[in-house]
*Asks:* 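Attaching a single structure in structure tokens format; questions to follow.
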Amino acid sequence: DMQMTQSPSTLSASVGDRVTITCRASQRISRWLAWYQQKPGKAPKLLIYRASTLESGVPSRFSGSGSGTEFTLTISSLQPDDFATYYCQQYSTWFTFGQGTKLEIK
Amino acid sequence: EVQLLESGGGLVQPGGSLRVSCAASGFNFSNYAMSWVRQAPGKGLEWVSVISGSGEIIYYADAVKGRFTISRDNSKNTLSLQMNSLRAADTAIYYCARDQLASVVLDVFDLWGQGTMVTVS
């Protein structure tokens with residue numbers, strides 16, 4: 001079974017910080033990797049697909065990279081609206097989500 | 001407006017059944033594969049099932065295989081999930097989600113409903 005492992009599980013940061021979240025796949029998935037943002041009580045929102053393509057309307061401070069089994073989501077300068085939980089998702093072999101990374105205000 | 005609206009959640013006893021639905025509007029529903037994704041209270045996202053636009057391709061996560069049935073009625077722009085033999089572990093918010101690209105099954109989810117809560121207790 002495909003496993004997606006995110007690190008860290010929780011990340012404390014301040015407005016203006018640059019942060020990076022890592023996602024590792026248990027099998028090679030090429031670039032079939034997406035990132036979602038979820039705020040409390042809301043549905044997830046698609047941020048990035050195909051590892052590095054920004055969804056329309058998503059701010060350019062978000063970026064993604066990686067291929068194969070190692071991927072990263074980077075937020076270049078944290079804004080107050082960015083504090084949320086982030087999930088990676090592979091869609092190479094059906095669908096699997098990572099366990100999530102909660103981005104908290106320091 | 002392009003949107004998905006789930007309904008049908010509620011409280012059900014272990015071993016019971018429940019059917020949740022998702023009404024789609026604002027896009028050509030029959031062109032898009034649709035999925036159900038669930039989220040247990042305080043937990044992460046778990047993909048449940050997918051159905052292609054035509055309904056010919058269906059796949060389930062191991063956790064629900066044999067107990068849940070996904071279906072769609074393209075004439076009514078409606079997606080459904082019939083859940084049988086429910087367990088406490090099935091307690092979650094159930095979201096319906098649309099594939100980003102038409103005529104593709106393995107794709108990211110660019111449109112989500114607000115979710116419907118299913119409690120098995």
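Chain A is the first sequence line, chain B the second, and so forth, proteins listed ahead of strands; every chain is numbered from 1. Predicted model, so just to flag it, every value in this text is computed and none were measured.
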*Asks:* Are B:Met117 and B:Val120 linked, directly or through intermediate hydrophobic residues, by side-chain heavy-atom contacts shorter than 4.5 Å (ILVMFWY only)?
*Replies:* no

*Asks:* Is the A:Phe95-B:Phe109 ring centre distance short of 6.0 angstrom?
*Replies:* yes

*Asks:* Under 4.5 Å between side-chain heavy atoms, counting indirect links through other Ile/Leu/Val/Met/Phe/Trp/Tyr residues: same cluster for B:Val20 and B:Ile93 or not?
*Replies:* no

*Asks:* Find the distance between OG1 (A:Thr93) and CG (B:Leu106) and round it off to the nearest 0.5 Å.
*Replies:* 7.5 Å

*Asks:* B:Asp110, B:Val108, B:Leu111: which one forms the most heavy-atom pairs within less than 4.5 Å of chain A?
*Replies:* B:Val108

*Asks:* Heavy-atom cut-off 4.5 Å, strictly under: side chain, backbone, both or neither for B:Asp107 against chain A?
*Replies:* both

*Asks:* Among the clusters formed by ILVMFWY side chains lying less than 4.5 Å apart, do A:Val15 and A:Leu11 turn up in the same one?
*Replies:* yes

*Asks:* Just verifying a value: how many Å separate B:Tyr95 OH and A:Gln38 CD, rounded to the nearest 0.5 Å?
*Replies:* 5.0 Å

*Asks:* For A:Ala43 versus B:Gly113, what's the shortest heavy-atom pair and its separation?
*Replies:* CB-O, 3.2 Å

*Asks:* Do any side-chain atoms of residues 98-106 of chain A form donor-acceptor pairs under 3.5 angstrom with protein atoms, and if so which ones, sequence neighbours left out?
*Replies:*
{"residue": "A:Gln99", "atom": "OE1", "partner": "A:Gln6", "partner atom": "N", "Å": "2.9"}
{"residue": "A:Gln99", "atom": "NE2", "partner": "A:Gln6", "partner atom": "O", "Å": "2.7"}
{"residue": "A:Thr101", "atom": "OG1", "partner": "A:Gln6", "partner atom": "NE2", "Å": "3.1"}
{"residue": "A:Thr101", "atom": "OG1", "partner": "A:Pro8", "partner atom": "O", "Å": "2.7"}

*Asks:* Could you check whether B:Tyr60 and A:Trp94 have their ring centres less than 6.0 Å apart?
*Replies:* no

*Asks:* Where along residues 67-91 of chain B does a heavy atom come under 4.5 Å of chain A, listed by residue number?
*Replies:* none

*Asks:* Do A:Val19 and A:Leu33 belong to the same hydrophobic cluster, where Ile, Leu, Val, Met, Phe, Trp and Tyr are linked whenever their side-chain heavy atoms lie under 4.5 Å apart, directly or via other members?
*Replies:* yes

*Asks:* Which residues, numbered in order, of residues 23-59 of chain B come under 4.5 angstrom of chain A by heavy-atom distance?
*Replies:* B:Ser35, B:Val37, B:Gln39, B:Lys43, B:Gly44, B:Leu45, B:Glu46, B:Trp47, B:Val50, B:Ile57, B:Tyr59

*Asks:* Could you go through residues 48-58 of chain A and list every donor-acceptor pair under 3.5 Å that involves a side-chain atom there, pairing it with any protein atom two or more places apart or in another chain?
*Replies:*
{"residue": "A:Ser52", "atom": "OG", "partner": "A:Arg31", "partner atom": "NH2", "Å": "2.4"}
{"residue": "A:Glu55", "atom": "OE1", "partner": "B:Gln100", "partner atom": "NE2", "Å": "3.0"}

*Asks:* Transitively linked via ILVMFWY side-chain contacts under 4.5 Å: A:Ile75 with A:Leu46?
*Replies:* no

*Asks:* Give the member of A:Pro44, A:Ala34, A:Ser92 that has the highest number of heavy-atom pairs under 4.5 Å with chain B.
*Replies:* A:Pro44

